[in-house]
Amino acid sequence: ISGTPFGFKIGRQSITYADKRIFGPGEWGNTGRYQWDAGKFYIQTDAVDVDLLYGRQVQPYPASFDDEHYDYDMVGVYAQIKKLPVKLDVFYLLRYDDEGTTRGEAGLGDRRTHTMGFYVDGKAGGRKEWDYGGTVAFQAGQFGRDDLCAYGLNSRLGYTFDLPWQPRLGFEFSYASGDRDPTDGRHETFDNVFGAVDTYYGRMNLFSWMNLEDYQLTASVKPAKDVE
């Protein structure tokens, strides 16, 4: 705004950051995606970009205008740290539902999910051949009448060969906690925040970043500049 570090975006929008695990619109028809009626307020400086967020998720209707929302509200802060040898984002998000309809092990109540964590992406030892990255998120709060305590992580490591088509081999591990005891009044299942499920676990939407232990070996080539 007028040369200041401040700006804003208000209205219907998709919200995406980093690897789409925390915020991702998804691309699977009317069901596997997030659309928001939201306000996003920017503070952009040489050292850090900070987004202040508030929004409500739009309920998708294939045959009429989408003018209703899910019961919960989203409030958050997403910061992208600059001038580091690696890409580093840190975030805090609150999902708040005060309808009293969330069923925990101990009964019905409100839902307050506090999610905090970070995303990192970089080159190992400053060498371009090795790359690494990942997302770590912790959750606390209230799930119905249960105490909420959960966590999720994703980590990856890859090596790109100095050959034509730049072949890359990689390993990736994802974990999201599940509930160990369904009778102790503690909710330990990690919620996959507002991430794009179809990006990582297929468009059948059978799996998501919750109650998960996933090992992956990956391979890719880049035959042209814009093809991978």
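- For the atom pair Tyr78 OH and Leu52 CG, the distance stands at 14.0 Å (nearest 0.5 Å).
- Expressed to the nearest 0.5 Å, how far OG of Ser177 lies from CZ of Phe138 amounts to 10.5 Å.
- Considering OH of Tyr70 and CG of Asp97, their distance stands at 12.5 Å, rounded to 0.5 Å.
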| said: Quick one, Gln139 with Val193, criterion side-chain contact (heavy atoms from CB on, under 4.5 Å). Give me CA distance, side-chain angles, the key distance, then yes/no. | reply: CA-CA 10 Å; Gln139 292 180 336; Val193 205; 4.0 Å; yes
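- Arg168 has its side chain within reach of Thr218: a pair of non-hydrogen atoms, C-beta onward, lies under 4.5 Å apart.
- Tracing side-chain contacts under 4.5 Å through hydrophobic residues (I, L, V, M, F, W, Y), one never reaches Tyr92 starting from Leu148; they form parts of separate clusters.
- Taking the ring centroids of Phe173 and Phe171, they lie at or beyond the 6.0 Å cut-off.
- Looking at Gln59, its side chain does come within 3.5 Å of a backbone N or O of His69 through a donor-acceptor pair.
- Counting non-hydrogen atoms of other residues, nucleotides and ligands closer than 6.0 Å to CG of Asp67 gives a total above 12.
- Hydrophobic clustering (ILVMFWY, side-chain heavy atoms < 4.5 Å, transitive): Leu163 and Val227 are in distinct clusters.
- Tyr96 is not listed as a side-chain neighbour of Thr113, based on a closest heavy-atom distance of 4.5 Å or more.
- Residue pairs meeting the side chain to side chain donor-acceptor pair (under 3.5 Å) criterion with at least one member in residues 186-195, sequence neighbours excluded, are Arg111-Asp191.
- A side-chain contact (heavy atoms from CB on, under 4.5 Å) with Phe91 is found for exactly one of Thr115, Asp51, Leu53, Val77, namely Thr115.
- At most 12 non-hydrogen atoms from other residues, nucleotides or ligands lie less than 6.0 angstrom from CZ of Arg145.
- A salt bridge links Lys87 with Asp89: at least one charged nitrogen is closer than 4.0 Å to a carboxylate oxygen.
- Nearest heavy atom pair, residue Asn154 against residue Ser174, reads ND2-OG, 2.9 Å.
- Within the 4.5 Å cutoff, side-chain heavy atoms of Arg95 are placed close to those of Phe194.
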| request: I would like to know whether Asp131 and Thr160 meet side-chain contact (heavy atoms from CB on, under 4.5 Å); could you show each step before the answer? | output: CA-CA 8 Å; Asp131 65 88; Thr160 301; 4.3 Å; yes
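- No salt bridge links Arg56 with Asp71; every basic N to acidic carboxylate O contact stays at or beyond 4.0 Å.
- Grouping Ile, Leu, Val, Met, Phe, Trp and Tyr by side-chain contacts under 4.5 Å, direct or through others, puts Val221 with Trp165.
- Taking both residues in full, the closest heavy atoms of Gly122 and Val86 are given as CA-CG1, 4.2 Å, listed atom of the first, atom of the second, then distance.
- Closest approach of Thr45 and Pro5 over heavy atoms only: CG2-CB, 4.5 Å.
- For Asp98, there are no side chain to side chain donor-acceptor pair (under 3.5 Å) partners, not counting sequence neighbours.
- Under a hydrophobic-cluster definition in which Ile, Leu, Val, Met, Phe, Trp and Tyr are linked whenever side-chain heavy atoms come within less than 4.5 Å, directly or via other members, Val50 and Ile81 are assigned to the same cluster.
- Within a 6.0 Å radius of CG in Asp162, no more than 12 heavy atoms belonging to other residues, nucleotides or ligands are found.
- Follow the hydrophobic side-chain contacts under 4.5 Å out from Leu94 and you never reach Phe143; the two are in separate clusters.
- Salt bridge status for Arg180 with Glu105: absent, with no side-chain N to carboxylate O gap under 4.0 Å.
- Linking Ile, Leu, Val, Met, Phe, Trp and Tyr residues whenever their side-chain heavy atoms come within less than 4.5 Å places Leu88 and Leu153 in a single cluster.
- For the atom pair CD (Gln13) and OH (Tyr34), the distance works out to 15.5 Å, reported to the nearest 0.5 Å.
- Taking OG1 from Thr135 and OH from Tyr17, the interatomic distance works out to 14.0 Å, rounded to the nearest 0.5 Å.
- The shortest side-chain heavy-atom distance between Asp19 and Tyr200 falls under the 4.5 Å cut-off.
- Classified by interplanar angle (parallel below 30°, tilted 30° to 60°, perpendicular above 60°), the ring pair Trp36/Phe23 is perpendicular.
- Checked for salt-bridge contact, Lys82 and Asp46 miss the test: no charged N lies under 4.0 Å from a carboxylate O.
- Side-chain contact check for Asp66 versus Arg12: some heavy-atom pair is nearer than 4.5 Å.
- In the displayed structure, Tyr42 atom OH is contacted under 6.0 Å by more than 12 heavy atoms of other residues, nucleotides or ligands.
- The shortest distance between side-chain heavy atoms of Leu108 and Thr102 does not fall below 4.5 Å.
- Checked by atom type, the side-chain pair Asp214/Tyr175 shows no donor-acceptor distance below 3.5 Å.
- A donor-acceptor pair shorter than 3.5 Å cannot be found between the side chains of Gln142 and Asp110.
- The environment of Arg103 atom CZ is sparse: at most 12 non-hydrogen atoms of other residues, nucleotides or ligands sit within 6.0 angstrom.
- Heavy atoms only, all atoms of each residue included: Ala219 and Leu169 are closest at CB-CD2, 3.8 Å.
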| request: Using the side-chain contact (heavy atoms from CB on, under 4.5 Å) rule, take Gln35 and Ser14 through it: C-alpha gap first, then chi angles, then the decisive distance, then the call. | output: CA-CA 5 Å; Gln35 295 292 330; Ser14 61; 4.0 Å; yes
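- In this structure, Phe190 CZ and Trp209 CH2 are separated by 4.0 Å, a value rounded to the nearest 0.5 Å.
- Closest approach of Val48 to Ala79, counting heavy atoms only: CG2-CB, 4.1 Å.
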| said: The test is side-chain contact (heavy atoms from CB on, under 4.5 Å); show your working for Lys222 and Gln166 and say whether it passes. | reply: CA-CA 6 Å; Lys222 195 176 180 78; Gln166 302 176 39; 4.1 Å; yes
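- For the residue pair Ile22 and Ala137, the shortest heavy atom distance occurs at CD1-CB, 4.5 Å.
- Using a 4.5 Å heavy-atom cutoff, the side chains of Phe8 and Lys40 are not in contact.
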